[in-house]
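First the proteins, then the strands, lettered A, B, ... as listed; each starts at 1. For clarity, every value in this text was computed on a predicted model and none was experimentally measured.
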Amino acid sequence: MMRNVVFMGTGPFALCALEGLWQTLGSDATLTVYTKEAKKAGRGMKEKDGCVAEFAREKGLPLYQPHTLRSEEAKADFLALEAELCVVASYGLILPKYVLDAPKYGCVCVHASLLPAYRGAAPIHRVILDGKRKTGVTLMQMDEGIDTGAMLATVETEIGETECVGELFDRLAVLGRDLLLSNLEKLENGSLIPTPQDEAGASYAAKITAEDQKLTFEEPTDQVLCRIRGLSPVPCAYCITAKDGKKMKIYSAKRAEGSFEGACGEVVAVKPEVLVKTADGAVALELIQPEGKGRMAARDAVNGRRLAVGDLLS
RNA sequence: CGCGGGGUAGAGCAGUUGGUAGCUCGUCGGGCUCAUAACCCGGAGGUCGUGUGGUUCAAGUCCCACCCCCGCAA
């Protein structure tokens, strides 16, 4: 059993793996946590720590939140830990070579995609945005590139037809945690065989931009629905309601059967469902959120005169 | 001290220049119908975020303080 492990991660996906690691290693081992520094965020711009930092504090784990790993100070700190293994999951900082080289078993990363596809920051969102039906988690030996290291183990999963990124995220976090834990021993005894990634199948899952969040009803229904599912509930797809120019987030919607008359983005019916015309049909809005208001069923928005037949969404 | 929107029946909203509250939906009861997410009739349901606060003859409506929710930006 390993006795000295460093974990580097930020956010809920990382937290899931960290919790598992903490339970598995037990109190005999030293588990040191690295996570991104607290930053001013949210309404009021108050300094806010991430969930990984909170967990580390709560459990009394040694915690490091360097602004960068490239400083001499960070380097000295890390080397002094003399870690046997470094586990990384959506950390957000690039690991310098000294980190990669120092641990006896190197640095392994839990990445939420079937590498070499969807390397990068937003693999879970992108895989749904692209309409894929299968994804997974990869455990890999890190190298100096971004998610380019040799693969050690993978687990696949089907993406549900109506599954949103929030649901998939939670499932992959658990799969990732289990993939890591079930391979710890093999990492230690060297029985995992690193498989280099095939560059031919590589793709990059870039961070989600505001542009990605913008819905376009000029697209076919399938694409509109993928965009909604792939971004819900965070950061969420949105459109602009023409009558007041305000944003309206759309958390969920489904395909509407039939053919409809109207311009793309026009509300063509509100009863019994709120239907919005797309390039090749219509989508039925389910859960939405007007700017400044809370989430509500599309039907409630109609009751409050927020949406009516003829309204234009763009 | 980042910018901005909002807190009124179970839900979503309206409430004009201050005069004790309305709409759509839901809910309960009744009716029509082969039937219904449709229609008709009727009922219940609100100390209008909090404050033994201020102004006023009178405040959901103006002023003050505080709490909470949300959008942007990070």
>> Taking any atom closer than 4.0 angstrom to a non-hydrogen atom of chain A, what span of RNA chain B does the protein reach, first nucleotide to last?
In response: rG2(B) to rA74(B)

> Closest nucleotide of RNA chain B for Met45(A) versus for Gln289(A): which of these residues is on the 5' side?
Replying inline: Met45(A)

> How far, in whole Å, is rC70(B) from rU61(B) if one measures between their P atoms?
Replying inline: 25 Å

> What is the base-pairing partner of rC72(B), counting Watson-Crick and G-U wobble geometry with both distances under 3.5 Å?
Replying inline: rG2(B)

> So, Lys277(A) and Glu261(A), do they make that salt bridge, N to O below 4.0 Å?
Replying inline: no

> Does the distance from a Lys or Arg side-chain N to an Asp or Glu carboxylate O, for Glu158(A) and Arg133(A), drop under 4.0 Å?
Replying inline: no

>> If you take any heavy atom closer than 4.0 Å to RNA chain B, which residues from residues 235-257 of chain A end up in contact?
In response: Lys247(A), Lys249(A)

>> Checking base pairs now: Watson-Crick or wobble, both atom distances under 3.5 Å. What partners rC39(B)?
In response: rG31(B)

> With rounding to whole Å, what would you report as the distance between rA58(B) and rC67(B) at their C1' atoms?
Replying inline: 28 Å

> Taking the C1' atom of each, how far is rC68(B) from rU8(B), in whole Å?
Replying inline: 16 Å

>> Would you say NZ of Lys48(A) has more than 12 non-hydrogen atoms from neighbouring residues, nucleotides or ligands within 6.0 angstrom?
In response: no

Run the side-chain donor-acceptor check on residues 80-109 of chain A: report pairs under 3.5 Å with partners two or more places apart or on a different chain.
from: Glu84(A); atom 1: OE1; to: Arg3(A); atom 2: N; distance (Å): 2.6
from: Glu84(A); atom 1: OE1; to: Asn4(A); atom 2: N; distance (Å): 2.7
from: Ser90(A); atom 1: OG; to: Thr10(A); atom 2: O; distance (Å): 3.1
from: Lys97(A); atom 1: NZ; to: Asp101(A); atom 2: OD2; distance (Å): 2.8
from: Tyr98(A); atom 1: OH; to: Leu69(A); atom 2: O; distance (Å): 2.6
from: Tyr98(A); atom 1: OH; to: Lys75(A); atom 2: N; distance (Å): 3.4

> If you pin Glu291(A) and Lys39(A) to their nearest nucleotides in RNA chain B, which one's is more 5'?
Replying inline: Glu291(A)

> Using atom P of each nucleotide, how far apart are rU55(B) and rG2(B) to the nearest Å?
Replying inline: 34 Å

> Is a donor on one side and an acceptor on the other found under 3.5 Å between the side chain of Arg119(A) and the backbone of Asp147(A)?
Replying inline: yes

>> If I pick the P atom on rC48(B) and the same atom on rU36(B), what distance separates them, to the nearest angstrom?
In response: 41 Å

> How would you label the contact of Glu273(A) with the nucleic acid (heavy atoms, under 4.0 Å): base, sugar-phosphate, or nothing?
Replying inline: nothing

>> Can you list, in residue-number order, the parts of residues 302-314 of chain A that come under 4.0 Å of RNA chain B, counting heavy atoms only?
In response: Asn303(A), Gly304(A), Arg305(A), Arg306(A)

> Between Thr32(A) and Val6(A), is there a donor-acceptor pair closer than 3.5 Å when you use the side chain of the first and the backbone of the second?
Replying inline: no

>> Would the distance check show the side chain of Asp198(A) and the main-chain N or O of Ala200(A) forming a donor-acceptor pair, the cut-off being under 3.5 Å?
In response: yes

> Mind checking who rU50(B) pairs with, Watson-Crick or G-U wobble, both distances under 3.5 Å?
Replying inline: rA65(B)

> What interatomic distance, in whole Å, is found between C1' of rA35(B) and the corresponding atom of rG26(B)?
Replying inline: 22 Å

>> I'd like the P distance from rC63(B) over to rG19(B), given in whole Å.
In response: 16 Å

Give the table of side-chain donor-acceptor pairs shorter than 3.5 Å for residues 239-248 of chain A, with sequence neighbours excluded, one pair per line with atom names and distance.
from: Thr241(A); atom 1: OG1; to: Asp244(A); atom 2: OD1; distance (Å): 2.5
from: Thr241(A); atom 1: OG1; to: Lys246(A); atom 2: O; distance (Å): 3.2
from: Lys243(A); atom 1: NZ; to: Arg306(A); atom 2: O; distance (Å): 3.3
from: Lys243(A); atom 1: NZ; to: Asp311(A); atom 2: OD2; distance (Å): 2.9
from: Asp244(A); atom 1: OD1; to: Lys246(A); atom 2: N; distance (Å): 3.0

> Checking ring pair (Phe, Tyr, Trp, His ring centres under 6.0 Å) for the pair Phe7(A)/Trp22(A): CA distance, chi angles, key distance, verdict?
Replying inline: CA-CA 10 Å; Phe7(A) 178 87; Trp22(A) 177 72; over 10 Å; no

> Looking across every strand, which nucleic acid part, if any, lies under 4.0 Å from Met296(A) by heavy atom: base, sugar-phosphate, or nothing?
Replying inline: sugar-phosphate

>> With rounding to the closest Å, how many angstrom separate the C1' atoms on rG54(B) and rA59(B)?
In response: 12 Å

> Is Arg177(A) reaching over with its side chain to a backbone N or O of Cys16(A), donor-acceptor style, under 3.5 angstrom?
Replying inline: no

>> Looking at His125(A) and Ala205(A), would you say the former's side chain and the latter's main chain have a donor-acceptor pair under 3.5 Å?
In response: no

Could you list the donor-acceptor pairs under 3.5 angstrom formed by side chains in residues 267-274 of chain A, with sequence neighbours left out?
from: Glu273(A); atom 1: OE2; to: Lys254(A); atom 2: NZ; distance (Å): 3.1

